[in-house]
Each structure stands twice: as structure tokens, then as C-alpha cells.
Amino acid sequence: MNLTLEQLTKQFGRKRAVDNMDVTLSPGVYGLLGANGAGKTTLMRMICGVLNPTEGKILMDGQDICECRNNYYRLLGYLPQDFGYYPDFTAGEFMYYIAALKGLNDKMAKNMTEELLDVVSLSDVADKKIRTFSGGMKQRLGIAQAVLNNPEILVLDEPTAGLDPKERVRFRNLIADFSKDKIVILSTHIVSDVEYIADTILMMKGGRLLLRGSVEEVTDSMRDKVWKYVVGREDIDRINERFCVANLHHLDDGNVEVRIISDRQPFADAAFAEPTLEDLYLYHFQNQ
Ligand SMILES: Nc1ncnc2c1ncn2[C@@H]1O[C@H](COP(=O)(O)OP(=O)(O)OP(=O)(O)O)[C@@H](O)[C@H]1O
Ligand SMILES: [Mg+2]
């Protein structure tokens with residue numbers, strides 16, 4: 001299955017939230033990165049059919065999704081960024097409810113609910129009301145409901161927001177297990193969340209697609225832009241003012257190794273450092 005975005009554009013008044021995006025997605029995990037307001041949520045809402053494009057279209061295997069909506073929705077799983085929960089539902093009731101909306105029969109709904117609540121470690125609280133859940137628990141329930149119908153296209157808008165480090169690891173494993181032969185698109189600000197699981201990074205800025213490639217490919221574009229340099233503690237404020245500093249590492253001798261992102265060599269004896277995806281993100285979004 002392929003999903004093709006053709007000149008996809010969304011205009012809100014004078015604001016062009018998504019600006020002429022052309023991209024084809026085949027099965028794989030896509031990490032959608034971008035600063036606040038880059039257009040990630042708007043793009044995902046169009047992909048999920050909850051928002052109509054102002055211009056352009058979305059094709060599934062060559063067919064406009066507007067012309068095959070019912071079929072398309074059946075293949076889709078979606079975790080919206082601001083997911084509305086029903087506080088008086090229990091986790092189990094909520095899953096059944098979503099299962100009914102997605103057209104699963106009773107047996108399937110029961111089996112999938114049990115299985116998925118277990119996967120997201122909510123089996124013990126299946127009978128507790130959602131109003132008693134922490135942010136991370138609600139988020140895990142949101143992930144579980146998104147995959148209830150075993151979707152071919154899974155769209156997760158900031159799925160790891162509110163998850164603790166252990167839950168993040170579980171989430172990654174869940175996606176890795178789930179994603180075979182499927183299109184999974186997940187947005188985040190947290191670079192490390194996509195670094196390990198995304199086959200392809202899509203970086204958006206100002207509604208446009210800035211970069212596309214594997215983690216290695218896109219970080220490689222930073223190869224001559226990341227530097228390390230050792231300074232005294234007293235110099236740090238000055239360096240912070242002049243450069244984009246990605247990291248400070250305090251050394252045993254009292255000095256500090258600074259990691260600087262810069263097109264040009266910041267100091268005569270600054271050395272190249274191995275670039276990371278986070279460096280790339282900082283390079284493009286340091287002023288946002
Ligand atoms: N319904 C709307 N009406 C008007 N403007 C909107 C609407 N939705 C989004 N925008 C604007 O479109 C731009 C893109 O917003 P969007 O929510 O898609 O960004 P985002 O990348 O998801 O940001 P974040 O990381 O904060 O979630 C922003 O400038 C936002 O203010
Ligand atoms: Mg968003």
C-alpha cells in the first residue's frame with residue numbers, strides 16, 4: 001500500500017499551515033519532526049480525513065481518499081494530539097466503545113481489548129474509570145484504541161507525550177512489533193523517540209517538508225556543522241550568547257567541553273564531533 005500526498009495544502013485564514021507537500025509513503029515507520037506550529041497536526045488530520053485540504057489531494061494506491069472514505073477509514077488508526085477521553089468510562093468500556101465505532105464484532109472487541117490493554121500495561125486497571133488515570137495511563141489507552149482495528153495506516157500525534165522512560169521503551173517495542181507492512185506516522189518533539197524506531201525522518205518547518213531520509217542520511221547533512229571545544233567555566237555564558245550550544249559536559253579538571261552547532265568552525269582548535277539527530281533538530285529550530 002502507498003499513500004501519496006500531492007501538493008497538499010491547508011490554509012487557515014492567512015496562515016498556510018501545510019504548504020504544498022508532495023510525498024509518497026510506503027510501509028514503514030515515519031518520524032514526523034518539527035517545532036511548535038510546523039504543521040504536523042494539520043498534516044495528520046488531513047491524512048486521517050478529519051480536515052479537508054484547501055488544495056491538493058491524498059491518494060491511497062492511486063485513489064483519492066475522498067472517493068473511498070468508508071474503505072479508507074476502516075484501514076486507519078488515529079491517536080489525535082488532544083484526545084478526548086470519556087472520564088466516566090472505564091478503560092475496558094472505552095475500548096469496547098471505540099471497537100463498536102470501528103465496526104468490530106463482540107468477540108473481536110473482547111479479544112482485542114484484553115490483548116491490547118495487556119500490551120499497554122493497563123489490564124489491572126481495566127475496570128477503573130478514566131478520570132482516575134494519570135496522563136501517561138491515558139496516553140497508553142489512546143495508543144491501544146488507535147490499533148484496535150489492526151490498521152494498515154497508523155497515525156499517532158505525539159504518542160509519547162507524558163510517558164515515563166520505561167513506558168517510552170515499551171512504546172517503541174510496541175510500534176516495532178506492530179509496524180510490519182504498515183504505514184506508521186508518528187509526530188514528536190522528542191528526537192530520541194524516533195531515532196530508534198523511525199525508518200524515515202520527515203522534518204517539517206513552516207508547513208513544508210524540509211528533509212526526508214533515514215536517520216543516518218539526514219544526520220549526515222550535519223557532518224561538518226557540529227564541533228566540540230574545551231573551555232573554562234567562566235567562558236560558558238559568552239559562548240552561549242554567540243553560538244548554538246547543544247550540550248555542556250563538565251570535565252573532571254574543572255573545564256567544560258561544549259558542543260557547538262555552527263556552519264563555520266567556531267574556534268581555531270575546535271574539533272568535529274559526530275552529529276546526531278538532535279543536532280540536526282537544533283540546527284533547524286534553534287530560534288523557535
Ligand atoms: N483550526 C485552526 N485554525 C487556525 N489556525 C490553525 C488551526 N489549526 C492550526 N492552525 C495554525 O496552523 C499552524 C500549524 O499548526 P499545527 O497544529 O499543525 O502545528 P504542529 O506542528 O502540530 O505544532 P505542535 O508541535 O505545537 O503540536 C499553526 O500556526 C497553528 O496556529
Ligand atoms: Mg501538533
Side-chain angles (χ1 to χ4, degrees), residues 5 7-10 14-25 28-44 158 160 185-288:
L5 317 184
Q7 297 174 0
L8 197 69
T9 298
K10 184 70 194 182
R14 296 175 72 177
K15 174 85 199 171
R16 205 161 253 241
V18 171
D19 189 4
N20 211 0
M21 275 188 70
D22 278 305
V23 60
T24 293
L25 309 178
V29 180
Y30 295 84
L32 186 59
L33 286 176
N36 290 127
K40 304 180 296 295
T41 295
T42 307
L43 176 71
M44 291 179 138
E158 307 213 10
T160 55
I185 310 167
L186 50 112
S187 74
T188 180
H189 300 117
I190 302 159
V191 172
S192 58
D193 280 344
V194 291
E195 202 155 20
Y196 300 110
I197 47 171
D199 306 307
T200 305
I201 300 292
L202 302 173
M203 196 176 269
M204 280 184 81
K205 188 173 187 178
R208 287 174 173 261
L209 187 64
L210 189 70
L211 277 167
R212 178 202 175 130
S214 67
V215 173
E216 293 73 27
E217 283 163 358
V218 296
T219 31
D220 217 46
S221 65
M222 292 297 292
R223 197 146 286 288
D224 53 353
K225 297 182 176 62
V226 187
W227 309 85
K228 51 188 177 184
Y229 187 60
V230 177
V231 295
R233 282 181 191 207
E234 63 283 2
D235 296 322
I236 291 177
D237 286 348
R238 192 170 50 86
I239 288 181
N240 262 320
E241 276 169 27
R242 282 184 60 200
F243 297 103
C244 171
V245 175
N247 193 34
L248 296 170
H249 177 55
H250 290 263
L251 304 172
D252 289 341
D253 63 5
N255 287 326
V256 181
E257 186 180 82
V258 285
R259 185 179 183 86
I260 295 172
I261 298 174
S262 168
D263 284 315
R264 267 168 272 122
Q265 189 179 30
F267 299 97
D269 42 355
F272 283 127
E274 192 62 27
T276 65
L277 192 57
E278 189 171 61
D279 296 325
L280 175 76
Y281 187 93
L282 287 171
Y283 179 71
H284 288 290
F285 299 111
Q286 56 184 300
N287 298 321
Q288 300 197 11

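Bear in mind that the values here come from a model prediction, so they are computed numbers and not experimental data.
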H250 meets the side chain to side chain contact (heavy atoms under 4.5 Å, CB included) criterion, sequence neighbours left out, with R233, V256

Without swapping roles, check the side chain of T219 against the backbone of L277 for a donor-acceptor pair under 3.5 Å. no

Residue pairs meeting salt bridge (charged side-chain N to carboxylate O under 4.0 Å, His left out), one or both in residues 236-246, sequence neighbours left out, come to D235-R238

Applying side chain to side chain contact (heavy atoms under 4.5 Å, CB included) to T41 and not counting sequence neighbours gives R45, Q81, D157

Test side chain to side chain contact (heavy atoms under 4.5 Å, CB included), reference V194, set T188, T160, V29, L32, output is T188

Applied to residues 212-240, the ring-ring contact (aromatic ring centres under 6.0 Å, His included) test, sequence neighbours excluded, yields W227-F272, Y229-F267

So the salt bridge (charged side-chain N to carboxylate O under 4.0 Å, His left out) pairs with at least one residue in residues 259-269 (sequence neighbours excluded) are R259-D279

_Expected output: side-chain K40 to main-chain M204 donor-acceptor under 3.5 Å_ = no

By salt bridge (Lys or Arg N to Asp or Glu O under 4.0 Å), D199 pairs with (sequence neighbours left out) none

For D220, the salt bridge (Lys or Arg N to Asp or Glu O under 4.0 Å) test, sequence neighbours excluded, returns R223

Taken in chain and number order and not counting sequence neighbours, the residues that satisfy side chain to side chain contact (heavy atoms under 4.5 Å, CB included) with S214 are E216, E217

D19 meets the salt bridge (Lys or Arg N to Asp or Glu O under 4.0 Å) criterion, sequence neighbours left out, with R16, R208

